[in-house]
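None of the values given here were measured: they were computed from a predicted structure. Throughout, protein chains are lettered first and strands after them, A, B, ... in sequence-line order, and every chain is numbered starting at 1.
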Amino acid sequence: MSEQFAEVIVDVPSMQTNQPYTYAIPTEWIGQVFPGMRVIVPFGKRKILGFTTKILSKRPGVSFKIKEIEEVLDLTPVLNTEMLEMASWLAKWTFSFKISCLQVMLPAAMRASYNKTIKLTSTDVSEEVKQLFDEQNEVKFDSKELSADVFKKLSKLSREKKAEVIYQVHDRARTKKVTVIKSLLNTQEVQKQKELLRVNADKLRLLLDFLGKIGSQILTQKDAIKKTGLSAAVFTQGEKKGWLKKEKVEKYRDPYRDAEIKRTKPKQLKAAQQKAVERIDHSIVQQQDKVFLLQGVTGSGKTEVYLYTIACALKNKQTALMLVPEISLTPQMVRRVKSRFGSNVAVLHSGLSEGEKYDEWRRIERNDATVVVGARSAVFAPLENIGIIIMDEEHETSYKQEDMPEYNARDVAIKRGSWHHCPVVLGSATPSLESRARAQKGVYEWLRLDERINGQPLPEVQLIDMRQELKRAPAVDISTPLLDAIKQRLEQKEQVVLMLNRRGYSSFIMCRECGFVLKCPNCDISLTLHMDSHSMKCHYCGHEEPIPRTCPSCQSKKIRYYGTGTEKVEQELQQLLPETKILRMDVDTTRRKGAHAKLLRQFGNKEADILLGTQMIAKGLDFPDVTLVGVLNADTSLSLPNFRSAERTFQLLTQVSGRAGRADKLGQVVIQTFNPKHYAIQLAKKQNYEKFFGIEMNMRHRGGYPPYFFTTQIVTSGPNEADVAKKMFEIDGQLKQVLSSQAVILGPTPKPIMRINNQFYYQLVIKYKKEPELDAFLEDLLLNSQKEARQKLKLKIDRDPIDFI
DNA sequence: AGCACGCCGACT
DNA sequence: GTCGGCGTGCTC
């Protein structure tokens, strides 16, 4: 082979560089560079990281001069064919840069860190200038770290060629190495060596005894030192004598190692579980890339079904991927999986350090772990030969990434399923309407678990009409019936969980007399309060009207903006129940790493009587002594200017209700609401998902929202409002040419929080069923938006946005 | 993204 | 005159 070239995607996230660049492979590397490796390449004056995507054996006929790859960082590809193809698909699907898609699939440790230094090369400079440099005449050259003054002086030197700027790229990935000890002697040899020892060679004798004892076992030097009390020097001596061998071995930073986990046996399955397992196992064995919707009420044993099917995949000599929302990836959850599959399990979540994440990734990549449990980004775990992909709580919106690339792990999971010819199981008690509708149409196979494992009834749910109760409530946020229930439970030495629904805090107006919420006449969506313009605005269509002084429905003056904080409630509650220990769990108290788990542990140890928190307490926690769950304000999420508000409210209430009385004690749920008649609340009370599904589908159909229509959101932003608006209306005009009459455009409208960091935001939402031209148009739009060099004007496209406020 | 090049106003 | 402000275009 005489020459080789590589196509490289460079680490420059911009539209203009969103294409492969061709580099020559250095002679010494020819034949050893493959697609999916990380390389360092010269790019302009700089050196940057890149990913090889294609290897060419012929010099391409191009006019530009081809530079050489500077360094190859990996000996084997870090991204396989599946991942490379996935990256291309993802870039197109999410309108993202290829480089962002490649990076998102790897642990952060495998990204590059860039360093710039400047070296003085001339002696013809003033003393003052010399002072700026160190002994090697070098100094860090970073506009952010240096004062503007110094930076200017250094830049000038560079321009005058009196100093040279040096660009460095570092691979942050470092493996941890550990020394292990292996005995090279058998029992007879140990005896023989012992006889040869001098009488006073006590240390060496002890070492020989130890070597005799461990036999062929390999253990770390650290452990050996601990066990024998001998120093490292003695082991070195032993190595010199040829008794033992020391080796450097890669060590994984295992975050869960200390907790020795007992292995548990599979539980006996109920008939419905058994049937679900059979259906899924069949698909695993037959290598069908089918999607299942596993719909099971809280406590119906979905997790056990997951574990069985994982076992089936493993038995089939395949691997398994299980996705869980970050928030329910608790130690209990991890223990449950580890106790079944032991050290085969790798866990990926945001609580791990960069190094830990990298090590878990390496374990998976080397097939040392065959079961992966993780949050959103774990969907890219480098598993091969996947036999089953599970997504628990599939309706959770946290599966969608908020920043580039804005992928939905559900889409990626299904894509991987079809690549690996394996089933994907979407599990939920309250499936997203999209998934449930697909199950209806037979696109997904529908599996149901309607009974709870222990056969106990769902907790009794009581609705408190706050329109009535507020007049005589002991506190603004707590009604008398709820307070009584709390007192009763505390007397019985049982625990209480109170949830404050904080979503949509302070953004809408509601009548405290009748529960009326001002809605848009065109969109059937709550209007949002704008204090800057003193008006109510619809973020979908742009409709605007004055803030009402009296309730349009009941003429009451008690119409005002609605919202409340956990701190305030905690105070109120403490006043009403001075003797009670309350734990507060919200964004403020859980900001620190591990704080979340600590609070839950405290509550689990019964160090507190009441756990008061926001949404985050609704998921995954399972405390046997909690017999009362209270929802202080069911309405906030209901009145969000969002077509999913009813769905979210229903899901949240259903989920939180499931938290009560999971053990042998019967649970009680109290929901305070200003809208006791609303179908989402009524049906959550009855835990009737199916009926909710029917009504909500009807609403979506009438409003033309998903799952009947696809949606794509376009957002432009920039420092000049007129420019931003103009661009948006321009796009609106172009879209009208491209789209068929079936499609609907909402907007353009300014975003509710119009100005963040002096940037103005405008948005537009396209609702459509089938628009074959749309993707090409949007791609073009994105490309031109940067080429137009209307710089400072940013454009973002979000396919299937979670919400568009 | 960065970096260079180039065109303008406002300083030693 | 030149310094440095930012707009424009390019990076294999």
Can you tell whether the side chains of A:Arg376 and A:Glu326 come within less than 4.0 Å, N to carboxylate O?
no

Under a 4.0 Å threshold between the charged nitrogen and the carboxylate oxygen, would A:Asp368 count as salt-bridged to A:Arg362?
no

Atom [atom1] of [X] to atom [atom2] of [N]: distance rounded to whole Å?
{"X": "A:Tyr21", "N": "C:dC12", "atom1": "OH", "atom2": "P", "value": "8 Å"}
{"X": "A:Gln16", "N": "C:dC12", "atom1": "CD", "atom2": "P", "value": "14 Å"}
{"X": "A:Ile69", "N": "C:dC12", "atom1": "CD1", "atom2": "P", "value": "13 Å"}
{"X": "A:Leu157", "N": "C:dG4", "atom1": "CG", "atom2": "P", "value": "12 Å"}
{"X": "A:Arg111", "N": "B:dA1", "atom1": "CZ", "atom2": "P", "value": "15 Å"}
{"X": "A:Lys156", "N": "C:dG5", "atom1": "NZ", "atom2": "P", "value": "14 Å"}
{"X": "A:Tyr167", "N": "B:dA1", "atom1": "OH", "atom2": "P", "value": "17 Å"}
{"X": "A:Lys153", "N": "C:dG4", "atom1": "NZ", "atom2": "C1'", "value": "16 Å"}

Let's see if you can work this out: which of C:dC10, C:dC12, C:dG5 has an atom nearest to the side-chain heavy atoms of A:Lys152?
C:dG5

Would [X] and [Y] count as having a side-chain donor-acceptor pair, cut-off 3.5 Å?
{"X": "A:Ser353", "Y": "A:Tyr358", "result": "no"}
{"X": "A:Tyr762", "Y": "A:Glu721", "result": "yes"}
{"X": "A:His420", "Y": "A:Glu82", "result": "yes"}
{"X": "A:Ser740", "Y": "A:Glu771", "result": "yes"}

Under a 4.0 Å heavy-atom cut-off, which of residues 40-51 of chain A touch DNA chain B?
A:Lys45, A:Arg46

Just say parallel, tilted or perpendicular for the rings of A:Tyr705 and A:Phe643, cut-offs at 30° and 60°.
parallel

Geometric class of the A:Tyr407/A:Phe380 ring pair [parallel <30°, tilted 30-60°, perpendicular >60°]:
perpendicular

I'd like a list of close polar pairs between nucleotides 7-12 of chain B and the protein, N/O only, cut-off under 3.5 Å.
none

Apply side chain to side chain donor-acceptor pair (under 3.5 Å) to residues A:Glu138 and A:Thr117 and explain how you reach the verdict.
CA-CA 7 Å; A:Glu138 232 178 286; A:Thr117 60; 3.1 Å; yes

Look at A:Lys116 and B:dC3 and indicate whether a side-chain polar atom (N or O) is within less than 4.0 Å of OP1 or OP2.
yes

